[in-house]
Amino acid sequence: MLATDVIYQEGPPVEPAALGRLFAAVGFKRSQDPAHLLAMVEGARWVVSAWVGGELVGFARAISDGVSNAYVSTVAVHPEHQRRGIGRALMLRIVEGRGDVKFVVHTSPAGEGLYRSLGFVDASAMLVLPRRS
Ligand SMILES: CC(C)(COP(=O)(O)OP(=O)(O)OC[C@H]1O[C@@H](n2cnc3c(N)ncnc32)[C@H](O)[C@@H]1OP(=O)(O)O)[C@@H](O)C(=O)NCCC(=O)NCCS
C-alpha cells in the first residue's frame, strides 16, 4: 500500500458498523450498539477517518470546546495497516491549526510511542472509570 492510497476524511459521517468492526479489530472493548457508536462520532468536535479501497482503516477524534481544551480519544488503526504513518496522519489532522487548544490523551501502551513522537509529554492526571455492573 502506498501512502497515496489512503484517503482521509474530516468530520462525519462514519458508518457505525464500520467503526464497530475497526474497534473490534484493534481490541477496543466498546459497545457495538449503532446509537452508541454514532454518538461517539457526532459528540466529538473533530473527527478524522482513514479509508483504503472503501474500507475504514483508521479513526481518531477529539472532544473539545474548540478554543481552550481538547481530549483526544479512540485513536485506532487497523492492525493490517499499522506502522505506515496512518496514526500519525490522523493525529496531525486532529491537532494542527487549533491555536491555543491544549490537548490531553488517555493512552494505552500501544499509543504511547505515537503520542510521544507528536510531542505529548507526561503530565499529572486523575481518572475515574465507569462502574461496570
Ligand atoms: C497506536 C496506533 C493508533 C498507531 O497507529 P499507526 O498507524 O501504527 O502509527 P504510525 O505508523 O503513524 O506511527 C507513527 C509513530 O508512532 C510511533 N509508534 C507507533 N506505533 C508504535 C508502537 N506499537 N510502538 C512504539 N512506537 C510506535 C513510532 O514513533 C512511529 O513512527 P515510526 O513508524 O517511523 O517509528 C495503532 O497502533 C493502534 O490502533 N493501536 C491499537 C489501538 C490503541 O491502542 N490506540 C491508542 C490508544 S487510544
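All residue numbers refer to positions in the sequence shown, counting from 1. Whatever order the structure lists ligands and atoms in, that order sets their numbers, starting from 1. Just the heavy atoms: all of them, side chains too, but no hydrogens, waters or symmetry mates, feed the values below.
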Shortest non-hydrogen contact between [X] and [Y], atoms and distance:
X: Ala50; Y: Val6; answer: CB-CG1, 3.9 Å
X: Pro79; Y: Ala25; answer: CG-O, 3.4 Å
X: Phe103; Y: Val95; answer: CZ-CA, 3.7 Å

Hey, are the side chains of [X] and [Y] touching, using non-hydrogen atoms and a 4.5 Å cut-off?
X: Arg88; Y: Leu118; result: yes
X: Met91; Y: Val75; result: yes
X: Trp51; Y: Gln9; result: yes

For ligand 1, is there an N or O atom under 3.5 Å from any N or O atom of Gly111?
no
Nitrogen or oxygen atoms of Val75 and ligand 1 under 3.5 Å apart
yes
Atoms of ligand 1 close to [X] [distance to a heavy atom under 4.0 angstrom, numbered from 1]:
X: Ser108; result: 43 (C), 44 (O), 46 (C), 47 (C)
X: Leu114; result: 4 (C), 14 (C), 16 (O), 17 (C), 18 (N)
X: Ala76; result: 39 (O)
X: Tyr115; result: 46 (C), 47 (C), 48 (S)
X: Phe28; result: 42 (C), 43 (C), 45 (N)

Ignoring hydrogens and angles, tell me if any N or O in the side chain of Arg61 forms a donor-acceptor pair with the backbone of Met40 under 3.5 Å.
yes
Give a yes or no on whether the backbone of Val77 and the side-chain of Gln82 come within a donor-acceptor separation of less than 3.5 Å.
yes
Between His78 and ligand 1, find which residue part has any heavy-atom pair under 4.0 Å and reply side chain, backbone, both or neither.
neither
Shortest protein contact, [atom] (heavy atom only):
atom: atom 38 (C) of ligand 1; result: Gln82 NE2, 3.4 Å
atom: atom 12 (O) of ligand 1; result: Arg88 N, 2.8 Å
atom: atom 7 (O) of ligand 1; result: Gly87 N, 2.8 Å
atom: atom 11 (O) of ligand 1; result: Gly85 N, 2.8 Å
atom: atom 15 (C) of ligand 1; result: Ser117 OG, 3.9 Å
atom: atom 26 (N) of ligand 1; result: Gly113 CA, 3.6 Å
atom: atom 41 (C) of ligand 1; result: Val26 CB, 3.9 Å

Out of Val77, Thr107, Leu118, Val6, who is nearest to atom 5 (O) of ligand 1 when you count heavy atoms only?
Val77
Looking only at non-hydrogen atoms, the one of Arg83, Arg84, His106 nearest atom 30 (C) of ligand 1 is Arg83
Taking the cut-offs as 6.0 angstrom to the six-membered ring centre and 45 degrees off its axis, would you call Arg93 and Tyr8 a cation-pi pair?
yes
Is Arg116 paired with Asp122 through a side-chain N to carboxylate O contact shorter than 4.0 Å?
yes
Rounded to the nearest 0.5 angstrom, the CG-CZ distance for Leu19 and Phe28 is 10.0 Å
Is there a protein heavy atom at a distance of less than 4.0 Å from atom 34 (O) of ligand 1?
no
